[in-house]
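Contents: one structure, followed by commentary.
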Amino acid sequence: MSIVLVGGGHAHLKCLLDIRKKPLPNQNIYLISPDRYQYYSGMFSGYTEGLYSIDEIRIDLKDMSEKAGVTFIEDKITEVSVTEKTLLTKAGTSISFSVVSFDTGSFIEGPSSFKDYLVQIKPNYLFANKIKEYRNVEFPVVVGGGASGVEIALAITAWREKNGYPTNVTLITSSKLLPSSSSKASTLIKEIAVRKGLSVIEDDSVGEMNESHVITQNGTSLPHSQVLWLTGPSPSGIFKKSSLPCDQNGFLLTEKTLQAKGLPFIFGAGDCMTLEAFPDLPKNGVYAVRQAELLWNNIIGYLNGDVCSTFTPQRHFLSLLSTGNKKALLQYGRFTIHNKFAWMLKNKIDTDYMKKFQN
Ligand SMILES: Cc1cc2nc3c(=O)[nH]c(=O)nc-3n(C[C@H](O)[C@H](O)[C@H](O)COP(=O)(O)OP(=O)(O)OC[C@H]3O[C@@H](n4cnc5c(N)ncnc54)[C@H](O)[C@@H]3O)c2cc1C
């Protein structure tokens with residue numbers, strides 16, 4: 001009997017803690033990740049701005065696995081055979097499983113014609129090195145006006161200001177900034193961005209790109225030194241390729257129990273999957289952390305023939321978006337405020353979260 005955890009995302013980190021607390025005898029448990037470290041995206045903006053060191057934003061998966069009695073395999077899953085219950089890896093190994101769980105996150109896929117000019121920051125172990133190189137380029141251009149695009153564009157701006165570089169960062173978005181937030185939050189973040197010297201191009205999108213310039217649909221031409229593409233999440237190709245149940249975009253389709261539709265021995269959590277009952281749920285770390293609470297119990301429950309618990313997303317969640325220089329925008333429901341306290345709260349939540357996995 002083998003339980004295979006694929007990817008070191010939020011839910012699998014919690015599984016490792018659960019296993020360490022209550023080891024499971026007579027089970028071989030594996031964790032497979034293409035990198036020994038898992039990097040925490042909640043602290044990406046702080047890292048970009050120079051507030052955190054690399055060791056503060058990453059978790060040692062090999063060390064955590066060893067402490068839990070789990071075998072760590074540094075490799076990447078490329079395909080699943082449902083009939084044979086095996087996983088194929090990039091290194092060419094075949095791994096058998098009784099239960100497999102995917103927490104492999106999402107990707108960011110810009111248009112293929114722009115591929116040569118985009119900075120690749122996903123999977124998340126690429127982020128730290130790539131952003132370090134990118135934050136001091138001559139003409140930084142970020143695409144995407146959602147939380148991650150805004151946060152990283154502001155963090156690059158703050159880092160450049162502190163380190164004597166021109167704050168000539170441009171953010172291009174096809175909507176208003178923070179389109180999923182209230183109009184009050186969108187207006188406020190725009191004011192903050194403009195005050196900090198970030199040039200914001202709203203309601204426009206990238207039409208063309210060559211090695212030196214971006215040309216928007218509305219005809220604005222700007223120089224770039226590669227483009228940081230931070231639009232919405234894209235799926236990994238594994239699920240479709242393996243003919244697993246998928247939503248229309250190729251994310252693994254799961255029941256509320258986090259079990260793949262019709263395949264109860266396959267679990268999924270976090271960005272890599274879509275819950276059939278909540279297809280429009282945004283993909284962010286907040287839900288991945290919540291799903292983590294029930295994933296391991298459900299895996300054990302399934303193996304013991306028990307009924308699995310169901311996941312219901314919270315209606316509102318606290319959103320804290322760092323805006324640079326230790327200030328943050330706090331949103332909860334329709335409540336919005338921007339101040340230093342919000343950043344202190346974000347810093348406390350993020351550092352407390354990391355401490356759970358770093359000792
Ligand atoms: C710049 C940026 C900033 C963000 N900031 C925030 C934020 O502040 N708050 C928030 O809630 N969300 C934020 N997000 C979104 C957040 O990163 C994701 O929603 C969250 O990380 C999803 O967690 P996860 O557990 O699904 O997977 P991830 O945290 O992405 O982890 C997936 C893991 O699986 C591994 N993996 C991938 N493919 C394979 C494979 N084939 N085989 C084995 N392993 C594999 C990856 O290497 C990675 O270690 C941000 C995103 C970005 C891009």
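Ligands are counted one by one from 1 in listed order, and the atoms in each one are counted from 1 as well. Note that the structure is predicted; figures quoted are calculated from it, not measured.
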Within-shell test, D35 vs ligand 1, heavy atom, strictly < 4.0 Å: no
Contact atoms of ligand 1, heavy-atom distance to I32 under 4.0 Å: 43 (C), 44 (N)
Identity and distance of the protein heavy atom lying nearest atom 30 (O) of ligand 1: G105 CA, 3.5 Å
Side chains of T274 and K283, donor plus acceptor under 3.5 Å: yes
Atom 12 (N) of ligand 1 - nearest protein heavy atom and its distance: G285 N, 3.2 Å
Ligand 1-proximal atoms of S41, by part, heavy-atom distance under 4.0 Å: both
For V6, the ligand 1 atoms whose distance to one of its heavy atoms is below 4.0 Å: 42 (N), 43 (C)
Ligand 1-proximal atoms of H10, by part, heavy-atom distance under 4.0 Å: both
Ionic contact status for K14 with D18, cut-off 4.0 Å: yes
Ligand 1 versus I238: contacting region, heavy-atom distance under 4.0 Å: side chain
Under 3.5 Å: N/O of Y125 near N/O of ligand 1: no
E66 bridged to K62 by N-O distance under 4.0 Å: yes
Protein heavy atom at shortest distance from atom 41 (N) of ligand 1: I77 O, 3.0 Å
Nearest non-hydrogen protein atom, atom 7 (C) of ligand 1: G42 CA, 4.0 Å
Protein residue, atom and distance nearest to atom 37 (C) of ligand 1, heavy-atom basis: T104 O, 3.2 Å
Proximity of I152 to ligand 1 by residue part, where a heavy atom lies under 4.0 Å: side chain
Candidates F239, F267, F251 - the one meeting ring pair (Phe, Tyr, Trp, His ring centres under 6.0 Å) with F102: F239
V286: numbered ligand 1 atoms lying under 4.0 Å from its heavy atoms: 11 (O)
F127/F44 aromatic ring centres below 6.0 Å: yes
Distance-only polar pair, side chains of S148 and E151, donor-acceptor under 3.5 Å: no
Proximity of F278 and F311 rings by center, below 6.0 Å: no
Sub-4.0 Å protein heavy atom near atom 9 (N) of ligand 1: no
Mode of K283 contact toward ligand 1 - side chain, backbone, both, neither (heavy atoms, under 4.0 Å): backbone
Electrostatic pair K356-D352, nearest N-O below 4.0 angstrom: no
Contact atoms of ligand 1, heavy-atom distance to G270 under 4.0 Å: 26 (O)
For ligand 1, the portion of D103 having any non-hydrogen atom under 4.0 Å away: both
Pair N347-Y52, side-chain donor/acceptor within less than 3.5 Å: yes
Residue-ligand contact G8/ligand 1, heavy atom below 4.0 Å: yes
Heavy atom of the protein closest to atom 52 (C) of ligand 1 (residue, atom name, distance): S148 CB, 3.7 Å
Contacting atoms of ligand 1, where contact means under 4.0 angstrom from a heavy atom of K76: 40 (C), 41 (N), 42 (N)
Best match, P34, G46, A269: closest heavy atom to atom 44 (N) of ligand 1: P34
Closest approach of any protein heavy atom to atom 49 (O) of ligand 1, naming residue and atom: Q38 OE1, 2.4 Å
Nearest-0.5 Å distance, CG of residue D271 to OG of residue S236: 12.0 Å
Atom pair CD1/CD1 of I3 and I19 - distance to nearest 0.5 Å: 7.0 Å
From CD (E79) to CD1 (I238), nearest 0.5 Å: 9.5 Å
Closest protein heavy atom (residue, atom, distance) for atom 26 (O) of ligand 1: D271 N, 2.7 Å
Rounded distance [0.5 Å steps], CG in N26 versus CG in N28: 9.5 Å
With Y165 via ring pair (Phe, Tyr, Trp, His ring centres under 6.0 Å) - residues at least two apart: W159
Under-4.0 Å heavy-atom contact with ligand 1, by part of Y39 that carries it: neither
Separation between CH2 of W296 and CG of L258, rounded to the nearest 0.5 Å: 13.5 Å
